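Note sheet for the following structure.
Being a predicted model, the structure only gives us computed values, none of them experimental.
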Amino acid sequence: MSVWLPTAPCTPADCASPRWPTVRRSTAILRLAAGTAAVLAGVVLAPVAVPLGPAGRARLAALWCRTVMRAFGVRIRVTGAVPGERVPGRPGPGTLVVPNHISWLDIPLVASVLPGRMLAKREVRRWPVLGPLARFGGTLFVDRDRLRELPAVVGAVAGVLRRGSRVVVFPEGSTWCGRERGRFRYAAFQAALDADAVVRPVHIAYRPVGAAAFVGDDALGASLWRVATAAGLTAEITVLPPIPAAAHADRRSLARAAQRALGRAAVPGAAAVPHRRPGGPRTIPAQTIVDRDSANLPSASVHHSVSFIPAAASSERTPS
């Protein structure tokens with residue numbers, strides 16, 4: 001196993017056993033059908049977004065990701081100050097978005113609120129359906145088995161941040177069930193320092209806990225079925241205040257500051273929701289439902305080509 005890959009104690013048996021209300025089997029099958037259709041629609045319509053420019057593509061990607069979540073029956077609850085859109089390439093620092101990592105759902109969830117370029121393992125390029133979408137979305141790929149490439153990856157991320165763009169990295173390096181959390185690895189934070197960017201911690205939680213977890217040797221097919229069968233599954237995303245990289249002496253200090261912010265957000269009532277300043281970011285009140293039950297379209301078959309990829313092999317990893 002690569003030294004880049006941390007391991008979590010979370011297992012499907014301990015963390016993702018069905019202990020929550022479920023919907024009827026027919027509803028779950030319809031959700032899988034709708035979710036599959038939404039993903040395929042993204043593949044078909046992706047070329048249409050090419051002439052829209054960076055800002056237009058970001059808006060379209062956010063809409064598509066929200067549609068995928070809704071199709072699988074997942075409601076989205078957003079808390080915190082969501083920054084307004086910036087046009088990449090204009091003056092101003094980029095943003096390194098650093099969420100905790102629980103599930104494959106984290107990727108469309110974060111992209112629905114804070115669309116940006118993702119950092120993913122190289123193998124994702126070869127995945128059916130998702131690979132072409134990742135390439136089209138400007139995903140940055142890393143070979144986790146070649147440590148000598150790490151400086152080049154950090155340099156690529158820093159270059160994107162210098163151009164004022166947003167990059168999303170999962171610094172825990174592996175998925176955790178939501179009850180347990182991993183230590184942030186430091187490499188991506190060096191890119192933020194090099195680019196004089198800001199770091200935006202984002203806390204993710206799912207209710208019920210465990211329904212969305214994609215951990216250990218979990219298979220994607222089993223995870224998809226849990227998500228589709230869960231009644232009232234809600235993805236909660238808390239956008240925390242930005243942390244200027246320049247305020248920290250090194251990447252370790254910066255990473256620890258971001259992790260402490262997420263730790264405070266995990267405690268109910270600990271995360272403050274800032275008020276909106278004139279011309280500042282819009283503020284979404286706590287407990288605001290973005291996607292409501294009426295929008296939870298049902299979702300029927302899984303992509304068999306990836307349905308048996310275990311979480312340990314398919315979750316997005318980040319080197320340190």
Side-chain angles (χ1 to χ4, degrees), residues 46 49-66 78 80-99 106-120 133-142 150-171 184 186-202 237-251 253-255 257-258 261-262 274 276-284 316 318-319:
V50 173
L52 298 181
R57 286 197 296 271
R59 287 192 293 269
L60 187 61
L63 175 62
W64 174 68
C65 288
R66 183 163 296 175
V78 184
V82 179
E85 291 182 6
R86 292 186 65 256
V87 178
R90 290 187 178 176
T95 302
L96 182 70
V97 178
V98 288
D106 300 345
I107 297 171
L109 173 62
V110 173
S112 71
V113 178
L114 296 169
R117 298 182 68 175
M118 296 274 178
L119 178 65
L133 281 175
R135 293 195 299 272
F136 176 79
T139 298
L140 301 166
F141 295 101
V142 56
L150 183 56
V153 173
V154 171
V157 173
V160 174
L161 293 172
R162 288 191 189 97
R163 293 191 291 273
S165 295
R166 185 184 288 144
V167 179
V168 181
V169 175
F170 294 94
F184 276 12
Y186 305 137
F189 294 92
Q190 183 63 50
L193 285 168
D194 293 346
D196 195 22
V198 295
V199 174
R200 176 78 66 167
V202 172
I237 179 168
T238 302
V239 182
L240 300 170
I243 302 171
H248 293 268
D250 54 43
R251 61 186 182 181
S253 172
L254 182 57
L262 285 187
R276 181 174 181 172
R277 303 187 307 275
R282 71 184 189 276
T283 298
I284 299 179
E316 188 169 1
T318 304

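Applying the side chain to side chain contact (heavy atoms under 4.5 Å, CB included) test to Ala156 and every residue at least two apart in sequence or in another chain returns nothing. Judged as a side chain to side chain contact (heavy atoms under 4.5 Å, CB included), and not counting sequence neighbours, the contacts of Asp250 are Arg252, Ser253. Checked against side chain to side chain contact (heavy atoms under 4.5 Å, CB included), Ala62 has the following partners two or more places apart in sequence or in another chain: Pro115.
With rounding to the nearest 0.5 Å, the separation of OH in Tyr186 from CG in Leu193 is 13.0 Å. Interatomic distance, Leu96 CG to Gln190 CD, rounded to the nearest 0.5 Å: 11.5 Å. Taking CZ of Arg59 as the start and CG of Leu52 as the end, the distance is 8.5 Å to the nearest 0.5 Å.
Counting all heavy atoms, side chain and backbone alike, Val157 lies closest to Leu140 at CG2-CD1, 3.9 Å. The two atoms that bring Phe189 and Val98 nearest to each other are CZ-CG1, 3.8 Å, heavy atoms only. What you find for Pro201 and Pro241 is that their closest heavy atoms are CD-O, 3.5 Å. In this structure, Leu109 and Ser112 approach most closely via the heavy-atom pair O-OG, 2.6 Å. A pairwise comparison of heavy atoms in Pro244 and Val198 identifies CA-CG1, 4.2 Å as the closest pair. In terms of heavy-atom proximity, Val154 sits nearest to Ala187 at CG2-O, 3.8 Å.
In this structure a side-chain-to-backbone donor-acceptor pair under 3.5 Å is present from Arg200 to Leu240.
For the side-chain contact (heavy atoms from CB on, under 4.5 Å) with Pro99, the lone residue among Val168, Asp106, Val239, Leu114 that qualifies is Val168.
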